[in-house]
Number of protein chains: 2
Amino acid sequence: MSHVVYGCLMAVDRDHVLRSAAALLTRKSTATMDEVAKAAGISRATLHRHFAGRDALVLALEALCIAECETALDAARLDDGPAHDAVRRLVREIEPAAGLLAFLYTESQLFEGDAQNKGWTRIDDRVATLFRRGQAAGEFRIDLTPAWLTEALYGLLASGAWAVSEGRVAGKDFTHMIAELLLGGAVRREES
Amino acid sequence: MSHVVYGCLMAVDRDHVLRSAAALLTRKSTATMDEVAKAAGISRATLHRHFAGRDALVLALEALCIAECETALDAARLDDGPAHDAVRRLVREIEPAAGLLAFLYTESQLFEGDAQNKGWTRIDDRVATLFRRGQAAGEFRIDLTPAWLTEALYGLLASGAWAVSEGRVAGKDFTHMIAELLLGGAVRREES
DNA sequence: ACCACATGAGACATCTTTGTCTCAGCACGG
DNA sequence: CCGTGCTGAGACAAAGATGTCTCATGTGGT
């Protein structure tokens with residue numbers, strides 16, 4: 001049954017192509033289908049066989065990113081323990097997806113009727129719920145809305161991903177920089 | 001001497017076109033030259049008479065943004081008083097340019113040899129110097145590098161501008177949300 | 001009234017990207 | 001050894017954006 005093997009190979013290739021595209025578009029968001037194909041080591045024709053067009057590719061990248069974010073959200077166990085530790089876990093888990101997230105975050109400024117809107121909303125809600133929980137527990141200040149904290153997290157992830165990719169900050173500091181700034185801010189505090 | 005009047009009119013129009021373009025590109029970063037022209041209430045031909053092409057337009061927008069940022073930096077008096085108050089003043093003063101800054105911040109991910117690089121570097125340096133001053137004064141924590149704090153400021157300004165333009169956060173909270181998150185973080189603290 | 005000059009409208013060629021198609025090569029299983 | 005079917009290379013047209021050009025129009029100063 002060749003189509004089983006075929007299906008398997010397709011899946012592997014599709015995933016590889018998707019990850020190559022993510023890596024490239026993270027660095028150059030305006031990359032051509034041709035450049036994406038070359039980056040994946042395949043021809044443009046084959047790229048088109050996997051993804052009907054650029055829209056389909058971006059859509060698939062959205063689906064991938066949403067899946068990775070959900071995985072990170074699960075792995076971070078947002079409901080366990082103090083909210084600030086959950087935030088640290090979340091940043092750590094979501095780091096591998098930060099570049100792709102940054103690409104889609106800016107790209108999606110244009111999407112009117114986003115087909116993946118439901119997926120993004122789910123993620124937004126889970127993150128916002130974490131911040132709300134922290135506020136309810138008295139851990140987080142209440143003058144910053146959960147919506148803004150969520151938005152700020154995305155912004156910091158994007159900034160961090162770009163800053164790392166351009167060598168302005170060290171990659172190993174990514175998690176610490178983002179989580180600690182988001183949690184504690186720039187001001188030095190006496191209490192640990 | 002018609003060319004004096006002419007020169008004056010040119011300057012006025014050019015500025016108006018530039019600001020219309022900034023407002024449009026803030027919302028839709030892929031807007032066409034035609035859309036930019038319509039947004040400014042002029043024809044594409046006239047737009048081309050003012051700006052040789054899209055590159056020239058973006059370059060002029062960079063120059064405008066740099067100028068506005070420098071003005072904001074001056075107005076914020078970064079060397080006066082506590083660094084954290086200087087940061088608050090800076091965020092307040094730079095708010096009007098935040099949208100344009102967000103556009104150029106993402107757009108410039110592509111610019112290799114940025115003609116305005118010197119201008120951006122100057123701004124980066126002034127902001128980083130502020131954070132360094134705060135660290136030296138013991139106000140700011142030293143585990144977050146000035147470069148990262150600068151980058152984070154840009155990221156938060158961009159997030160804030162988008163969140164406001166899409167109605168996810170209230171425009172009147174812009175300054176407070178950004179400055180207080182950047183300074184104090186999400187964690188509630190006892191000390192004022 | 002005349003003239004200079006900026007403007008708007010539109011035609012036009014060009015360039016880039018995209019999407020589709022064909023064809024030959026090649027690997028893989030039967 | 002022989003097909004099946006995926007792949008790469010390339011040709012092709014279509015679409016969108018850009019840059020340039022011309023011409024008619026209107027406005028403002030002389």
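Everything numeric in this text was worked out from a predicted model, so none of it was measured. By convention in this document, chain letters (A, B, ...) are assigned in the order of the sequence lines, proteins followed by strands, and residues within each chain are numbered from 1. The analysis underlying the following values was restricted to heavy atoms, covering all of them including side chains, and did not include hydrogens, waters or symmetry mates.
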Which whole-number value in Å describes the distance from [X] [atom1] to [N] [atom2]?
{"X": "A:D13", "N": "D:dC6", "atom1": "CG", "atom2": "C1'", "answer": "10 Å"}
{"X": "B:K38", "N": "C:dG10", "atom1": "NZ", "atom2": "C1'", "answer": "12 Å"}
{"X": "B:D34", "N": "D:dG19", "atom1": "CG", "atom2": "P", "answer": "12 Å"}
{"X": "A:L47", "N": "C:dG19", "atom1": "CG", "atom2": "P", "answer": "10 Å"}
{"X": "A:R49", "N": "D:dT7", "atom1": "CZ", "atom2": "P", "answer": "7 Å"}
{"X": "A:I42", "N": "D:dC6", "atom1": "CD1", "atom2": "P", "answer": "14 Å"}
{"X": "A:H48", "N": "D:dA11", "atom1": "NE2", "atom2": "P", "answer": "17 Å"}
{"X": "A:L57", "N": "C:dT18", "atom1": "CG", "atom2": "P", "answer": "10 Å"}

Self-check item: Presence of B:T46 side-chain N/O under 4.0 Å of C:dG8 phosphate oxygens OP1/OP2
Solution: yes
Quiz item: If only side-chain N and O atoms of B:T32 are considered, is one of them under 4.0 Å from the OP1 or OP2 phosphate oxygen of D:dA17?
Solution: yes
Exercise. Under the side chain to side chain donor-acceptor pair (under 3.5 Å) rule, what do B:E151 and A:S159 come out as? Steps first, then yes or no, please.
Key: CA-CA 6 Å; B:E151 208 73 31; A:S159 296; 5.9 Å; no
Quiz item: What class does the angle between the rings of B:Y154 and B:Y105 fall in, given that below 30° is parallel, 30 to 60° is tilted and above 60° is perpendicular?
Solution: tilted
Practice problem: Indicate, with a heavy-atom threshold strictly under 4.0 Å, whether B:R54 touches base, sugar-phosphate, or nothing. | Solution: sugar-phosphate
Practice problem: Check salt bridge (Lys or Arg N to Asp or Glu O under 4.0 Å) between B:E166 and all other residues, then give those that pass, not counting sequence neighbours. | Solution: B:R168
Quiz item: Within a strict 4.5 Å, meaning less than it, do heavy atoms of the B:E107 and B:L61 side chains meet?
Solution: no
Quiz prompt | Distance-only donor-acceptor test, B:R44 side-chain atoms vs C:dG8 base atoms, 3.5 Å | solution = no
Self-check item: Residue met sooner reading DNA chain C from 5', once A:A45 and A:E35 are mapped to nucleotides
Solution: A:E35
